[in-house]
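Worksheet: one structure, shown below.
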Amino acid sequence: MTLILGIETSCDETAAAVVEDGRVVRSNVIASQHDLHERYGGVVPEIASRAHLESIEPVLRAALNEAGVKLDQIDAIAVGNRPGLIGSLVVGVSAAQSLAWATGKPLIAIDHVQAHLHAPLLTENQKPETRDQKPVFPALGFVVSGGHTSLYAMQSPSEQTLLGSTIDDAVGEAYDKAAVILQLGYPGGPAVDRAARQGNPAACDLPRSLLARDSVDFSFSGLKTALLYTVRGRPSGRGKQARFERSADDLTDPQRRDLAASFQQAVVDVLITKLNRALDHMAALGQPPHALLVGGGVSANSLLRERVAELGEKRGVTVHLPAMTYCIDNAAMIAGLAFDYHQRGEHADLDLPAIATTSLISGS
Ligand code: KG4
Ligand code: ZN
């Protein structure tokens, strides 16, 4: 049995977890900073890194305690060292470096985006003999988060080729901006999702930007602008001089819910169309996928989860969605993916850097 301690501090959650053999979560501790950032309507990097500094040690202790293990029973220490806010990443990376140095255990560097694709493969308290043995790879990987909207042809948990990604806003970012336009509060994605469930998705016909006929790239900025103009009318003047015909204060709650539902319908229609295209794409490359792995904050979205499950049935692919706990940023996905690297002996040097960008731009 291999136990890996994972650390994640890329944005506004301080997280640590212990995972057994890459799949079974023994503990998953997350200290959220949402309350600290709420009044600014977004994450303030300086506040985030200070809060990580305060939380990292208690979070690490809690993860070991909940797993019922001592540090010397851990086989390796994994950390998300990219991508993210640099001041936040540095806190987790320094903690991991110190632990690896003090204990002599190997250090493993994990890309946060790649780790989101491991989240759907995590399980809890499963007995080894009942673990899912079905082939997962080659798989189509779909990351839908606040910073990324990307499709990957995956050959293994740690080898993938980028098929397509967003050319402007990430889907979570579009959700967060829609929440601002509709005055639905922070964090935006869950608020829009909640409102949408009580609204009429056919109330307003918002555009679905599908780009070229076989494109698997995404664009959400037109949809966001269409929602803004629907709510506030067309502006006169540009930039800071722009004056709108109406204010979002004029919306009634039922109108807000209908607009949220129409927005959500448009987003998910686009995501499903692109998933269909990407499945065709992989088949055409001679790699028909066994499975679809979805990860990232937006994989918590209720409509996306429903429609992805339907798509899997229609296309004969096994759909793996993360449990709700593993949709948001967490360290179990870091420790889980690290098992694959550990088995191949791919360990990092103790002077591992924190890096702001993902390593998955052009695959592998
Ligand atoms: O993966 P994540 O926690 O952070 C990044 O790595 O970016 O994703 C956060 C994003 C936010 O934009 C949030 O609004 C969105 O995921 N999100 C949702 C839902 N829950 C979180 N978007 C739509 N529906 C949800 N239920
Ligand atoms: Zn994330």
Side-chain angles (χ1 to χ4, degrees), residues 6-15 17 28 30-34 37-38 41-43 45 48 79-85 88-89 92 110-120 122 141-150 165-166 169-182 184-199 201 218 220 223-224 227 260-261 263-268 270-271 293-308 321-334 336-337 356-358 360:
I7 302 175
E8 153 63 37
T9 61
S10 67
C11 190
D12 60 341
E13 337 272 356
T14 316
N28 182 45
I30 304 176
S32 169
Q33 305 174 4
H34 282 182
H37 302 287
E38 188 168 8
V43 177
V79 62
N81 76 316
R82 66 191 304 173
L85 300 170
S88 290
L89 287 168
I110 294 294
D111 185 294
H112 178 96
V113 178
Q114 199 173 52
H116 269 306
L117 290 173
H118 195 79
L122 295 170
F142 193 26
V143 179
V144 278
S145 74
H148 295 86
T149 309
S150 306
S165 60
T166 183
D169 291 348
V171 60
E173 192 182 353
Y175 262 95
D176 293 335
K177 289 176 178 167
V180 172
I181 294 170
L182 295 171
L184 284 169
Y186 172 87
V192 174
D193 192 8
R194 259 193 316 275
R197 267 177 270 156
Q198 298 163 38
F218 301 84
F220 294 106
L223 170 62
K224 180 188 65 187
L227 179 69
F263 171 83
Q264 176 142 296
Q265 189 73 34
V267 170
V268 176
V270 169
L271 299 181
L293 304 180
V294 189
V298 186
S299 61
N301 185 266
S302 57
L303 184 64
L304 180 62
R305 293 177 81 90
E306 251 174 65
R307 298 270 307 270
V308 157
L321 282 159
M324 293 303 258
T325 340
Y326 309 125
C327 292
I328 56 164
D329 288 348
N330 66 84
M333 65 186 194
I334 304 283
L337 175 59
T357 53
T358 178
L360 309 192

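Counting starts at 1 for both ligands and their atoms, following the listed order.
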Distance check below 2.8 Å: does H148 bring an N, O or S atom to the Zn ion (ligand 2)? no
Answer key: the N, O or S atom of D329 nearest to the Zn ion (ligand 2) is OD1
- Message: Under 4.0 Å, counting heavy atoms only: does P187 come that close to any atom of ligand 1?
- Response: no
Next item on the list: Answer yes or no: does an N/O atom from D193 fall short of 3.5 Å to an N/O atom of ligand 1?
Entry: yes
For H116, the atoms of ligand 1 under 4.0 Å from one of its heavy atoms are 1 (O), 6 (O)
With only distance considered, is G297 within less than 3.5 Å of ligand 1 through an N or O on each side? yes
| message | Can you tell me if Q264 contacts ligand 1 (heavy atom of the residue under 4.0 Å from the ligand)? | response | no
Practice prompt. Determine, using heavy atoms of P190 and all atoms of ligand 1, whether some pair is separated by less than 4.0 Å.
Written response: yes
The Zn ion (ligand 2) reached by H112 (N, O or S, under 2.8 Å):
yes
Q | Backbone or side-chain N or O of S302 under 3.5 Å from ligand 1 N or O | A | no
Could you walk me through whether Y175 and N301 pass the side chain to side chain donor-acceptor pair (under 3.5 Å) test, one step at a time? CA-CA 10 Å; Y175 262 95; N301 185 266; 3.3 Å; yes
With respect to G188, determine whether any N or O atom, backbone or side chain, lies less than 3.5 Å from an N or O atom of ligand 1. no
task: Return yes when R194 approaches ligand 1 closer than 4.0 angstrom through a heavy atom, no otherwise.
output: no
Would one find an N or O of G146, backbone or side chain, under 3.5 Å from an N or O of ligand 1?
-> yes
